[in-house]
Student: 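Let me give you the structure first, and then I'll get to my questions.
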Amino acid sequence: MRKLMCTVLMASLITVSGSIASGPVSAAGEQAEVWISSSDPNTEPAVGLSPSARLSRIGDKAFSSSSGSADYTITVNEGTTYQQMDGFGVSLTDASSWLLNFKLNATKRAEVMEKLFGSSGIRLSVLRQPIGSSDFAWSAYTYDDVAGDTSLSQFSISRDLPYIVPMVKAAIAKNPNIKVFASPWSAPAWMKYSNSLNTGKLKAENYQTYADYFKKYIQAYQAQGIPIYAVTPQNEPKYETSAYPSMGMSEQDEVGFIGDYLGPTLRNAGINTKIITFDHNYLDWSFPNTVIQNLKNAGKASYVAGSAFHHYDSGDGSQMTLMHNAHPDKDVWFTEGGFGTWNDQQNETSQGFDNMISEFINITRNWSKSVILWNAALDQKDGPTLLAAYNTNRGMVTIQNSDNRNDNPENAVTYTK
């Protein structure tokens, strides 16, 4: 409970829209919500936790005008301003959306969406959506897999319409303030030197076509009532794998793509979606530093809003502070943090919960405007996925899927730590 209170009190300083409350601060007497998040009934017997109690709300606590005998005292310095938060959220991947849409009936789905995004739940306020397929999808695809279609006449988001778009809309219906980030795992195979979705780099002659591809994506989602707040040119540009869609982009690739193609294309179309560089691990922070500095040197800095980071290396998050210090006029976002066997052991202890909360605090202390987790939901086999079953990944919730059928809701949901 004491560990929870520190987190809850910190969260209570943030408005529903995800931004830091402005104006006079007077916390005395105000209520802070208290939620049960641990999954271990043994380490905190006074709370009497059990797996069925996860993500349940208990009695509120009130702020006091003095510290008294409180376990924690929070001091707010009104004279110092840090970053404004865009929010905290998750990804409604192909896998997550399919499970939410088909393996839950309408009643159970509404319950889960309310707990994740609703006003009586934890009010997640950002989404990060793959542009096309990621590794957690039924199949590998983009929005134009017709070879040689440089006019993009065959572009379509029809693959997303049966269940991905509806689940994004359902989340926004619960929290209209949600901001949607979007990132591609690969350009269409025919745009790449490898002629494959898995590995390879974008052909130089297709930079403008790919910029138009982004424009069409943003416009198509906008037509569905889903504004795209920000895009990155490439998910994890320093990593190419044959296991699932991926594409390499160097610093100079991103400088050229953002400065000469994507930025001008979106601006000329009247699209104000932010462009964020990098979208990869902490230790390679020199990558976004180079991209932003080179765009500044070329007089094209207005096209890039800042840099995005993941946590899949040994970096400690301080690299985001280095980026902030190098470019205080540009923002920093944490756009993907997976959870699984490496940081959330399913061993009936609170270890995974402690790990994640420590990361959330560290990420925000290092200037990030967001904390975005990975899959909102996976099944009991860590899928559906292009990877092997029983891989190391976990979803924010686990939804039972015993038959891969889309006409058989099983309505079994477990809230993970």
Side-chain angles (χ1 to χ4, degrees), residues 86-87 89-97 126-137 140-144 157 159-160 164-165 168 178-188 191-192 197-202 210-211 213-218 220-222 226-241 244-250 253-254 257-258 261-263 265-266 271 273-282 284 287-288 291 303-312 331-338 368-376 386 393:
D86 279 334
V90 75
S91 295
L92 287 172
T93 56
D94 185 28
S96 299
S97 298
V126 293
L127 292 172
R128 179 183 179 239
Q129 297 304 111
I131 300 177
S133 65
S134 68
D135 39 339
F136 285 88
Y141 70 93
T142 72
Y143 300 125
D144 192 339
I157 63 166
R159 173 63 175 74
D160 292 1
I164 297 175
V165 165
V168 175
I178 282 176
K179 292 181 171 71
V180 180
F181 294 68
S183 305
W185 267 240
S186 176
M191 291 190 192
K192 300 165 68 176
L197 289 181
N198 301 0
T199 74
K201 293 178 172 60
L202 186 65
Y210 197 38
Y213 179 90
F214 273 81
K215 179 183 72 173
K216 282 183 171 287
Y217 166 78
I218 294 169
Y221 261 68
Q222 176 69 54
I226 303 172
I228 303 301
Y229 175 71
V231 295
T232 67
Q234 175 60 35
N235 170 71
E236 300 187 346
K238 293 178 68 68
Y239 180 65
E240 298 177 49
T241 176
Y244 54 82
S246 60
M247 186 171 79
M249 294 188 87
S250 68
D253 292 337
E254 290 213 357
F257 183 59
I258 294 171
Y261 298 96
L262 184 58
T265 296
L266 298 188
I271 295 171
T273 298
K274 296 178 185 293
I275 301 172
I276 304 172
T277 187
F278 195 41
D279 215 2
H280 209 164
N281 290 333
Y282 292 140
D284 291 315
F287 183 116
V291 171
Y303 291 131
V304 65
S307 52
F309 289 86
H310 300 179
H311 70 172
Y312 304 109
D331 291 322
V332 176
W333 290 268
F334 182 88
T335 49
E336 184 186 315
S368 176
K369 292 168 66 70
S370 64
V371 179
I372 308 178
L373 303 181
W374 191 204
N375 292 280
L386 300 176
N393 292 269

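What you see is a predicted model; the values in this text were computed from it and never measured.
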Student: Which atoms form the tightest heavy-atom contact between Leu197 and Lys192, and what is the distance?
Tutor: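 So the two residues come closest at O-NZ, 3.0 Å.
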Student: Quick one: closest heavy-atom pair of Ser370 and Ser368, and the distance?
Tutor: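 Result for this residue pair: O-OG, 2.5 Å.
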Student: Quick one: list whatever passes side-chain contact (heavy atoms from CB on, under 4.5 Å) with Ser96, sequence neighbours left out.
Tutor: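 So Ser96 forms a side-chain contact (heavy atoms from CB on, under 4.5 Å) with Thr93, Asn375, Ala376, Ala377.
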Student: Could I get the full list of ring-ring contact (aromatic ring centres under 6.0 Å, His included) partners for Phe334, not counting sequence neighbours?
Tutor: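 Applying ring-ring contact (aromatic ring centres under 6.0 Å, His included) to Phe334 gives His311.
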Student: Output, in order, the C-alpha distance, side-chain angles, deciding distance and verdict of ring-ring contact (aromatic ring centres under 6.0 Å, His included) for Phe214 and Tyr210.
Tutor: CA-CA 6 Å; Phe214 273 81; Tyr210 197 38; 5.0 Å; yes
Student: With heavy-atom distances below 4.5 Å as the criterion, would you say the side chains of Tyr221 and Val165 are in contact?
Tutor: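 The answer is yes, as the side chains (C-beta and beyond) meet within the 4.5 Å cut-off.
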Student: Who are the ring-ring contact (aromatic ring centres under 6.0 Å, His included) partners of Phe309, not counting sequence neighbours?
Tutor: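 Counting only residues at least two positions away or on another chain, Phe309 forms a ring-ring contact (aromatic ring centres under 6.0 Å, His included) with Phe278.
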Student: Is a donor on one side and an acceptor on the other found under 3.5 Å between the side chain of Thr265 and the backbone of Tyr261?
Tutor: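 Side chain of Thr265 to backbone of Tyr261, a donor-acceptor pair under 3.5 Å: yes, one is there.
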Student: Take Leu266 and Lys215 through the side chain to side chain contact (heavy atoms under 4.5 Å, CB included) test and state the conclusion after the steps.
Tutor: CA-CA 6 Å; Leu266 298 188; Lys215 179 183 72 173; 4.2 Å; yes
Student: Which heavy atom in Ile372 sits nearest to a heavy atom in Ser91, and how many Å separate them?
Tutor: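 Between these two residues, the closest heavy atoms are CG2-OG, 4.4 Å.
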Student: Do Ile258 and Thr277 come within less than 4.5 Å of each other through their side chains, counting heavy atoms only?
Tutor: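 Answer yes - side chains close enough.
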Student: Can you measure from NE2 (His280) to CD (Glu336) and round to the nearest 0.5 angstrom?
Tutor: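 Those atoms lie 9.0 Å apart.
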Student: Rounded at 0.5 Å granularity, tell me how far NZ in Lys274 sits from OH in Tyr303.
Tutor: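 Nearest 0.5 Å value for the NZ-OH distance: 16.0 Å.
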Student: Compare all side-chain heavy atoms of Phe257 with those of Gln234 and state whether any distance is below 4.5 angstrom.
Tutor: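 No, too far: nothing below the 4.5 Å cut-off.
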Student: Rounded at 0.5 Å granularity, tell me how far CD1 in Ile164 sits from CD1 in Ile226.
Tutor: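 Spacing of CD1 (Ile164) from CD1 (Ile226) equals 10.0 Å.
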Student: Search all heavy atoms of Gly337 against all heavy atoms of Tyr312 and return the closest pair with its distance.
Tutor: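 Heavy atoms only, the tightest pair is C-OH, 3.7 Å.
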Student: Could you give me the CA-CA distance, side-chain angles and deciding distance for Phe181 and Tyr229, then say whether ring-ring contact (aromatic ring centres under 6.0 Å, His included) is met?
Tutor: CA-CA 6 Å; Phe181 294 68; Tyr229 175 71; 5.3 Å; yes
Student: How close do Thr273 and Val231 get, heavy atom to heavy atom, and via which atoms?
Tutor: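 Nearest pair, atom of Thr273 first, then Val231: CG2-N, 3.8 Å.
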Student: For a quick check under 3.5 Å, do Asp279 and Thr335 share a side-chain donor-acceptor pair by atom type?
Tutor: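 Judged by distance alone, the side chains do pair up.
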Student: Taking side chain as C-beta onward, heavy atoms only, is Phe287 less than 4.5 Å from Pro237?
Tutor: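 SC-SC contact between Phe287 and Pro237 confirmed.
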Student: Step by step, work out the salt bridge (Lys or Arg N to Asp or Glu O under 4.0 Å) result for Arg159 and Asp94.
Tutor: CA-CA 10 Å; Arg159 173 63 175 74; Asp94 185 28; 2.9 Å; yes
Student: Could you tell me which non-hydrogen atom of Ala182 sits nearest to which non-hydrogen atom of Ile131, and how far apart they are?
Tutor: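 Taking Ala182 first and Ile131 second, the nearest heavy atoms are CB-CG1, 3.7 Å.
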Student: Does a side-chain heavy-atom distance below 4.5 Å link Ser186 with Ser246?
Tutor: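 Result no, sub-4.5 Å side-chain heavy-atom pair not found.
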Student: With sequence neighbours left out, what residues match Ser250 under side-chain contact (heavy atoms from CB on, under 4.5 Å)?
Tutor: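 side-chain contact (heavy atoms from CB on, under 4.5 Å) check on Ser250 returns Gln252, Asp253.
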Student: Just checking, is any N or O donor in the side chain of Asn393 or Trp374 under 3.5 Å from an acceptor N or O on the other one?
Tutor: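 No, no side-chain donor-acceptor pair sits under 3.5 Å.
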Student: Measure up the Tyr143 and Tyr141 rings against each other and bin them: parallel (under 30°), tilted (30 to 60°), perpendicular (over 60°).
Tutor: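 Rings of Tyr143 and Tyr141: perpendicular, over 60°.
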Student: Check ring-ring contact (aromatic ring centres under 6.0 Å, His included) between Tyr244 and all other residues, then give those that pass, not counting sequence neighbours.
Tutor: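 Residues passing ring-ring contact (aromatic ring centres under 6.0 Å, His included) with Tyr244: none at all.
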Student: How long is the gap from CG on Asn281 to NE2 on His310, to the nearest 0.5 Å?
Tutor: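 Here the rounded value is 7.5 Å.
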Student: When rounded to the nearest 0.5 angstrom, what distance separates CD1 in Ile178 from CG in Leu92?
Tutor: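 Going from CD1 on Ile178 over to CG on Leu92, the span is 8.0 Å.
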Student: Between Ser183 and Asn235, do the side chains contain an N or O donor and an N or O acceptor separated by less than 3.5 Å?
Tutor: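 Asn235 and Ser183 do not have a side-chain donor-acceptor pair below 3.5 Å.
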Student: In Å, rounded to the nearest 0.5 Å, how long is the span from CG of Asn198 to CE of Met247?
Tutor: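 The CG atom of Asn198 sits 12.5 Å away from the CE atom of Met247.
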Student: Applying salt bridge (charged side-chain N to carboxylate O under 4.0 Å, His left out), name anything that partners Lys201, two or more places apart in sequence or on another chain.
Tutor: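 Applying salt bridge (charged side-chain N to carboxylate O under 4.0 Å, His left out) to Lys201 gives Glu240.
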Student: Quick one, Val168 and Gln129 - any side-chain contact, counting heavy atoms below 4.5 Å?
Tutor: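 The answer is yes; the side chains approach within 4.5 Å.
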